[in-house]
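See below for the structure under consideration.
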Amino acid sequence: MKKKSGLSYSNFYYYLLLIAPLFLIYIVFFIVPVVSSLFLSMTNYNGLSLDVKFTGLNNYIVAFSDKVFRKAMWNTILFAGLATLLQNGLALLLALGLNAKIKGRGFMRMLVFAPCMISPIITAFVWQFIFMPEGLLNRMLGAVGIGRMDKAWLGSVDTALVCVVCAHVWMWIGYSATIYLSNLSNMSEDITEAARIDGCSRMNLFRYITFPMLAPATTINITLAFTQSLKVFDIVYAMTNGGPLNATETVGTYVIRNMGLNLHGYASAMTVLLMFVIILTGTVLIGRLKKREAEIY
């Protein structure tokens with residue numbers, strides 16, 4: 001009988017050599033930046049002088065007492081929550097529609113996925129044109145006779161954040177829809193066909209069969225959408241730069257603003273706090289959603 005080969009002392013270094021390049025990349029681009037941020041967050045580093053003094057937890061104390069940072073953190077969490085709900089809800093509807101056997105399905109799938117391949121800066125400029133006072137949205141409102149509703153959408157504290165969320169969702173909705181489509185295409189048609197024969201309505205078919213069986217895709221999409229949205233920066237910076245009156249200020253934009261003021265130590269403390277929020281929420285989300293998967297399957 002042939003002896004099974006496995007990990008042993010003799011081939012350990014061979015496997016170590018195989019993973020060494022990836023492990024090196026992980027250290028350089030993840031471990032080193034994280035450790036550097038943790039160290040700099042407890043200093044007065046200004047990005048220019050090498051005369052760095054250890055300040056302990058002072059930057060964190062300042063962050064918690066900083067009204068703008070608290071507002072930015074709240075905006076970031078609110079942005080992530082709204083974006084996750086809209087992105088997944090609309091992506092699921094798109095996936096269900098594109099999963100139907102219709103003519104031109106492949107072309108429509110490509111169109112839905114296309115926005116996520118566009119630069120966030122270009123996306124921001126496109127949506128700026130839509131939401132500007134003389135932009136497409138106000139022109140459309142005027143064309144259908146409700147021009148009284150027009151406003152400077154990005155200039156209002158009540159609507160600016162929602163407008164940026166819409167641009168972000170438009171950009172990433174195709175990505176989420178593709179994941180749902182992948183799950184739908186691997187779903188057995190025998191179960192749904194049996195439910196239809198038993199007289200199950202479309203609503204009940206979706207509620208009790210299709211949606212529960214989409215649990216793996218739901219776990220991936222919700223986790224990715226929420227954690228990705230917490231890191232939002234570029235589209236907010238390009239559309240509103242955190243305005244008006246900090247209505248769209250996120251942790252990302254506020255960090256860059258403080259780095260521009262040579263407060264790199266303080267900026268590092270804010271990135272560390274955001275990192276802990278991402279780790280905490282990501283862990284809770286994955287745990288809850290994986291538990292739901294286990295109950296279904």
Side-chain angles (χ1 to χ4, degrees), residues 22-84 87 120-121 161 164-165 168 172 220 222-243 245-290:
L22 188 61
F23 190 60
L24 184 62
I25 292 172
Y26 179 76
I27 291 173
V28 172
F29 293 102
F30 181 77
I31 299 298
V32 171
V34 167
V35 173
S36 298
S37 293
L38 285 168
F39 171 73
L40 292 175
S41 69
M42 292 183 283
T43 68
N44 66 344
Y45 181 57
N46 60 14
L48 300 173
S49 173
L50 295 177
D51 184 21
V52 179
K53 293 181 180 178
F54 184 75
T55 58
L57 299 177
N58 183 63
N59 286 327
Y60 294 96
I61 295 170
V62 173
F64 283 114
S65 61
D66 186 345
K67 290 182 180 179
V68 179
F69 173 71
R70 294 203 304 268
K71 174 71 171 174
M73 183 62 80
W74 167 246
N75 285 343
T76 303
I77 295 171
L78 181 61
F79 182 101
L82 289 173
T84 302
Q87 185 175 320
I121 303 302
L161 186 65
V164 180
V165 169
H168 177 84
W172 292 107
I220 295 169
I222 290 179
T223 305
L224 286 178
F226 193 80
T227 54
Q228 182 187 52
S229 298
L230 285 173
K231 298 182 289 184
V232 68
F233 163 72
D234 38 20
I235 201 164
V236 177
Y237 188 78
M239 285 185 73
T240 61
N241 194 22
L245 300 175
N246 305 120
T248 60
E249 191 81 82
T250 63
V251 175
T253 57
Y254 196 49
V255 164
I256 295 300
R257 202 178 309 284
N258 278 275
M259 288 180 71
L261 298 173
N262 294 328
L263 298 174
H264 287 247
Y266 183 45
S268 296
M270 289 188 284
T271 61
V272 171
L273 290 172
L274 180 61
M275 179 184 70
F276 281 120
V277 170
I278 293 171
I279 292 171
L280 178 63
T281 54
T283 303
V284 171
L285 276 174
I286 292 173
R288 294 279 181 114
L289 293 169
K290 282 293 183 182

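Basis for what follows: all heavy atoms, side chains included, without hydrogens, waters or symmetry-related copies.
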Item to check | Phe64 and Leu273, any side-chain heavy atoms less than 4.5 Å apart | outcome: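 Yes, at least one pair of side-chain atoms sits under 4.5 Å.
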Checklist entry - Taking the side chain as C-beta and beyond, is there a heavy-atom pair between Leu263 and Asn46 under 4.5 Å? => result no
At what distance, to the nearest 0.5 angstrom, does [atom1] of [X] lie from [atom2] of [Y]?
{"X": "Asn262", "Y": "Leu48", "atom1": "CG", "atom2": "CG", "answer": "4.5 Å"}
{"X": "Ile31", "Y": "Tyr26", "atom1": "CD1", "atom2": "OH", "answer": "4.0 Å"}
{"X": "Ile279", "Y": "Leu274", "atom1": "CD1", "atom2": "CG", "answer": "10.0 Å"}

Checklist entry - Given the rule in the side chain to side chain contact (heavy atoms under 4.5 Å, CB included) test, do Lys231 and Ile278 qualify, once you have shown the distances and angles that lead to the verdict? => result CA-CA 8 Å; Lys231 298 182 289 184; Ile278 293 171; 3.5 Å; yes
Item to check | Passing candidate, side chain to side chain donor-acceptor pair (under 3.5 Å) with Tyr254, options Thr76, Asp66, Asn75 | outcome: Asp66
Checklist entry - Should the heavy atoms of other residues, nucleotides or ligands under 6.0 Å from CZ of Phe69 be counted, would the total exceed 12? => result yes
Checklist entry - More than 12 non-hydrogen atoms from neighbouring residues, nucleotides or ligands closer than 6.0 Å to CG on Leu245, yes or no? => result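 At most 12 heavy atoms, drawn from other residues, nucleotides or ligands, come within 6.0 Å of this atom.
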Checklist entry - Passes side chain to side chain contact (heavy atoms under 4.5 Å, CB included), Arg257 versus Asn241? Steps please. => result CA-CA 9 Å; Arg257 202 178 309 284; Asn241 194 22; 3.9 Å; yes
Checklist entry - Can you check side chain to side chain contact (heavy atoms under 4.5 Å, CB included) on Leu280 and Phe276, steps first, answer last? => result CA-CA 6 Å; Leu280 178 63; Phe276 281 120; over 6 Å; no
Item to check | Result of checking Val165, Thr240, Val164 against Ile235 for side-chain contact (heavy atoms from CB on, under 4.5 Å) | outcome: Val164
